[in-house]
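First, the structure itself, so that you have it in front of you.
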Amino acid sequence: MERSGELTQIRTYGNFRRPTTAGLLGLGSWGTGVLLAGLILVVLVVMIAGLGWGAIAFTALAVVLASVAVRDEHGSSLLDRASAKITYQLAAQRGLTLYRSGPLGTVPWGTCQLPGLAACLRLSEHLDAYGRPFALISAPSTATHTVVIASEPDGAALVDQPQIDSWVADWGQWLTNLGDEPGIEAAAVTIETAPDSGHRLAHEVGGAIDPNAPAFARAMLTEIVKAYPAGSSTIHAWVTITFTAANSSGKKRTPEQVGRDLAARLPGLMSTLGSTGAGATRLVDAAELCEIVRVAYDPPTADLIAGAHADNEPVDLDWTDVGPAAHQAGWDVYRHDSACSVTWQMSSAPRGNVQSSVLARLLAPHPDIARKRVTLLYRPINSAVAAAMVEADVRAASFRATSTERPTARSILDTRSAEATAAEEAAGAGLVNFGALITATVTDPARLPEARAAVDMLSATARLRVRPCYGSQDAAFAAGLPLGILLPQLVSSITAFKDKL
């Protein structure tokens with residue numbers, strides 16, 4: 001028992017940093033190279049063509065560099081926004097934002113296959129060391145394979161704060177260990193909240209009612225079964241782990257070979273996951289994964305699937321029929337089958353320190369959003385690479401602080417933050433790249449403004465800065481599903497070059 005007058009120390013977490021490179025005037029290393037090369041070119045123009053043409057060349061160079069260096073509150077430059085707009089307009093003119101499938105669609109196969117980034121995914125099923133089936137999602141475009149683990153989180157209600165702190169520490173250690181696990185490319189956690197259909201409650205209560213019970217008691221239970229599902233929600237949690245298809249010698253493996261390898265490794269990964277507060281864990285098989293994806297694209301089918309499970313009837317879904325019959329990707333909204341969705345991406349992590357409950361309201365059900373899915377994306381960094389990354393970050397921060405005679409307070413704090421990260425890494429802490437996608441789905445398009453306002457409010461309480469995925473709503477929607485889609489490996493080389501400017 002805590003003694004009277006004793007202060008309770010609240011544990012906080014922070015020092016989230018985005019890797020940067022050294023540069024001048026807010027530019028990266030490549031942008032600084034362009035600046036120096038441009039200045040040399042301006043001097044040559046002045047020497048050859050005169051001062052007037054030199055002024056024109058300097059103005060053109062300043063406009064180009066300003067389009068890269070001047071960024072908005074989300075870190076996007078004018079070049080980023082212009083390229084996104086042009087890319088979307090070109091895709092819309094070519095009809096790439098529309099998709100029609102099924103027997104009446106324009107595709108030749110006559111089934112509802114997944115569109116866009118998920119079209120290339122292949123599904124197979126294997127058995128782990130205990131004989132439990134698990135789904136294996138293969139992505140030939142990125143040469144990766146993904147497994148999905150369903151969990152039942154314990155929740156923080158009526159749990160002592162030391163136990164929560166222990167869960168957070170174990171979760172950080174689990175992510176750190178992923179960086180040293182051979183062949184792991186990424187991991188993700190998806191929390192989905194949706195209205196409860198009430199079929200599970202009716203099935204449980206119906207099987208437990210004694211036929212000889214008093215009529216009043218049976219009538220009361222029947223009334224509860226009818227009234228309770230109104231306004232109640234269900235929460236699903238999935239952890240996806242993505243493995244590379246290459247073995248230690250660099251040779252690409254088939255899904256069968258990867259499945260045999262993972263059969264022995266998955267029980268160990270699941271046992272350590274249970275100590276992080278994830279609760280009971282189980283592997284998701286192929287049939288369940290098909291239902292998850294189908295419900296995401298067509299939410300009303302959730303009631304049909306739940307009713308079939310309650311009546312012990314089989315749900316015959318094939319991987320080639322889990323996609324939408326039609327979709328239309330707009331600039332800031334994504335319409336798919338019977339619902340509309342908007343997806344936001346995290347543009348910056350919280351500044352300052354946060355507590356362990358910072359995401360509680362964002363992950364909880366909200367009455368203005370029919371179906372909400374929050375996906376936290378992690379890319380563990382190998383400990384051998386992490387040391388070089390933090391040292392390079394310290395050098396970049398020190399360069400920015402010492403490049404002027406009067407460094408700003410922000411550059412000085414940035415240097416201290418980089419040094420603190422390097423010290424923690426040297427003491428054994430892991431390094432993880434992370435991001436977040438938030439998808440809000442409504443079945444009535446008229447409720448989209450309410451859903452947008454709700455996500456803006458919830459992201460503010462989580463101290464996350466988010467922005468809609470303009471021009472790529474369909475891709476962001478697919479990446480938020482537990483399918484193991486690795487966005488960094490799918491971006492074009494032009495996008496990668498633009499990020500380094």
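Residue numbers start at 1 and run along the sequence shown.
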* Asked: Would you say R18's side chain and S348's backbone share a donor-acceptor pair under 3.5 angstrom?
  -> no

**Request:** Would you give the length of the straight line joining atom CD1 of I292 to atom CH2 of W238, rounded to the nearest 0.5 angstrom?
**Result:**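 Between I292 CD1 and W238 CH2, I get 4.5 Å after rounding to 0.5 Å.
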
Consider side-chain contact (heavy atoms from CB on, under 4.5 Å). Of V147, L123, L289, which one does L136 pass it with?
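The single option meeting the side-chain contact (heavy atoms from CB on, under 4.5 Å) with L136 is V147.
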
Between T276 (side chain only) and T272 (backbone N and O only), is there a donor and an acceptor less than 3.5 Å apart?
no

Exercise for the section: Find out whether I86 and Q89 are in side-chain contact, i.e. whether some heavy atom of one side chain is under 4.5 Å from a heavy atom of the other. Expected result: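 Not in contact.
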
field: Reported CG-to-CD distance for the pair L304 and E291, which is rounded to 0.5 angstrom
entry: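 One finds 11.5 Å between CG of L304 and CD of E291.
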
Note to self: Please determine whether side-chain contact (heavy atoms from CB on, under 4.5 Å) holds for the pair V333 and R452, giving the CA-CA distance in whole Å, both sets of side-chain angles, and the decisive distance to 0.1 Å.
What the structure shows: CA-CA 11 Å; V333 67; R452 294 178 192 271; 4.1 Å; yes

Note: L262 and P267 closest approach over all heavy atoms is O-CD, 4.5 Å

Please walk me through it: do V64 and V34 pass side-chain contact (heavy atoms from CB on, under 4.5 Å)?
-> CA-CA 10 Å; V64 172; V34 173; 5.6 Å; no

Counting C-beta onward and ignoring hydrogens, is there a side-chain heavy-atom pair between T144 and L486 closer than 4.5 Å?
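T144 vs L486: side chains touch.
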
task: Mind listing the closest non-hydrogen atom pair of A349 and F434 along with its distance?
output: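 Between these two residues, the closest heavy atoms are CB-CZ, 3.8 Å.
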
Check your understanding: Does the side chain of T193 reach to within under 4.5 Å of the side chain of L363, using non-hydrogen atoms?
Key -> no

Output for pair (I137 CD1, T146 OG1), nearest 0.5 Å, gives 5.5 Å

query: Given the rule in the side-chain contact (heavy atoms from CB on, under 4.5 Å) test, do R467 and D72 qualify, once you have shown the distances and angles that lead to the verdict?
result: CA-CA 11 Å; R467 59 172 300 178; D72 61 8; 4.3 Å; yes

Notebook entry, point to check: Under 6.0 Å between ring centres, would you say that holds for H327 and Y99?
Noted result: yes

- Rounded distance [0.5 Å steps], OG1 in T439 versus CZ in R371: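 Reported to 0.5 Å precision, the distance equals 12.0 Å.
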
Using the rule given for side-chain contact (heavy atoms from CB on, under 4.5 Å), can you reason through R447 versus D368, listing the C-alpha separation, both sets of side-chain angles and the distance that settles it, and then say yes or no? CA-CA 8 Å; R447 301 204 61 183; D368 291 334; 3.4 Å; yes

- Task: Would you mind reporting whether R465 and H74 have side-chain heavy atoms less than 4.5 Å apart?
- Result: yes

Taking Y88 for its side chain and W331 for its backbone only, find out whether a donor-acceptor pair lies under 3.5 Å.
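Yes.
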
Here the gap from L377 atom CG to L437 atom CG, rounded to the nearest 0.5 Å, amounts to 5.0 Å

Side-chain donor-acceptor pair present, S77, D80, cut-off under 3.5 Å
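The answer is yes; a qualifying pair exists.
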
Between A478 and I485 the two heavy atoms that sit nearest each other are O-CD1, 3.6 Å

Interatomic distance, CG@L362 vs NZ@K372, rounded to 0.5 Å, equals 5.5 Å

* **Modelled atom types, side-chain donor and acceptor of T111 and D321, under 3.5 Å** => no

- Mind listing the closest non-hydrogen atom pair of D414 and A397 along with its distance?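 Nearest heavy atoms, D414 then A397: OD2-CB, 3.8 Å.
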
### Query
Do I149 and F134 have side chains that get closer than 4.5 Å, going by heavy atoms?
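A side-chain contact is absent here, since even the closest heavy-atom pair is not under 4.5 Å.
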
_Strictly distance-based, threshold 3.5 Å: is any side-chain N or O of W174 a donor or acceptor partner for the main-chain N or O of S275?_
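Pair absent, no side-chain N/O of W174 close to backbone of S275.
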
| task | Please lay out, stage by stage, how R294 and D298 fare under the test salt bridge (Lys or Arg N to Asp or Glu O under 4.0 Å). | result | CA-CA 6 Å; R294 184 73 191 108; D298 192 12; 3.4 Å; yes

*asked:* What I'd like to find out is whether the side chain of K251 reaches to under 4.5 Å of the side chain of Q257, using heavy atoms alone.
replied: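 The answer is no; the side chains never approach within 4.5 Å.
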
Is any side-chain heavy atom of L431 closer than 4.5 Å to one of V385?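 A side-chain contact is absent here, since even the closest heavy-atom pair is not under 4.5 Å.
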
For T97 and A92, the nearest pair of non-hydrogen atoms, with its separation, is OG1-CA, 3.9 Å

Would you find more than 12 non-hydrogen atoms of other residues, nucleotides or ligands less than 6.0 Å from R335 atom CZ?
-> no

Counting only heavy atoms not in D311 (residues, nucleotides, ligands), do more than 12 fall under 6.0 Å from its CG?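 Yes, CG of D311 has more than 12 neighbouring heavy atoms, counting only those of other groups under 6.0 Å.
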
Donor-acceptor contact present, side-chain T87 to main-chain A84, <3.5 Å = no

Is a donor from one side chain sitting under 3.5 angstrom from an acceptor on the other, for R373 and S341?
no

Using a 3.5 Å distance criterion without hydrogens, assess whether the side chain of D337 forms a donor-acceptor pair with backbone atoms of A326. yes

Flag the pair D261 / V258 as yes when at least one side-chain heavy-atom distance between them is below 4.5 Å, and no otherwise.
no

task: Name the orientation class of the two ring planes belonging to F477 and H336 (parallel below 30°, tilted from 30 to 60°, perpendicular beyond 60°).
output: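 Because their plane-to-plane angle lies in the 30° to 60° range, the rings of F477 and H336 count as tilted.
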
| Flag for E181-N177: side-chain donor and acceptor within less than 3.5 Å | no

task: Would you check if the side chain of R122 reaches a backbone N or O of C120 as a donor-acceptor pair within less than 3.5 Å?
output: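 Yes.
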
Considering all heavy atoms of both residues, which atom of V322 and which atom of Y297 are nearest to each other, and what is their separation?
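Scanning both residues completely, I find the closest heavy atoms to be O-CD1, 4.1 Å.
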
Donor-acceptor pair, distance only, cut-off 3.5 Å: does the side chain of N433 make one with the backbone of I381?
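Checking the backbone N and O of I381 against the side chain of N433, no donor-acceptor pair under 3.5 Å is found.
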
Item checked: Expected output: side-chain Q473 to main-chain T343 donor-acceptor under 3.5 Å ->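 Between the backbone of T343 and the side chain of Q473 there is a qualifying donor-acceptor contact (under 3.5 Å).
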
* With distance as the sole criterion, is a donor-acceptor pair present between the side chains of T281 and S151 under 3.5 Å? -> no

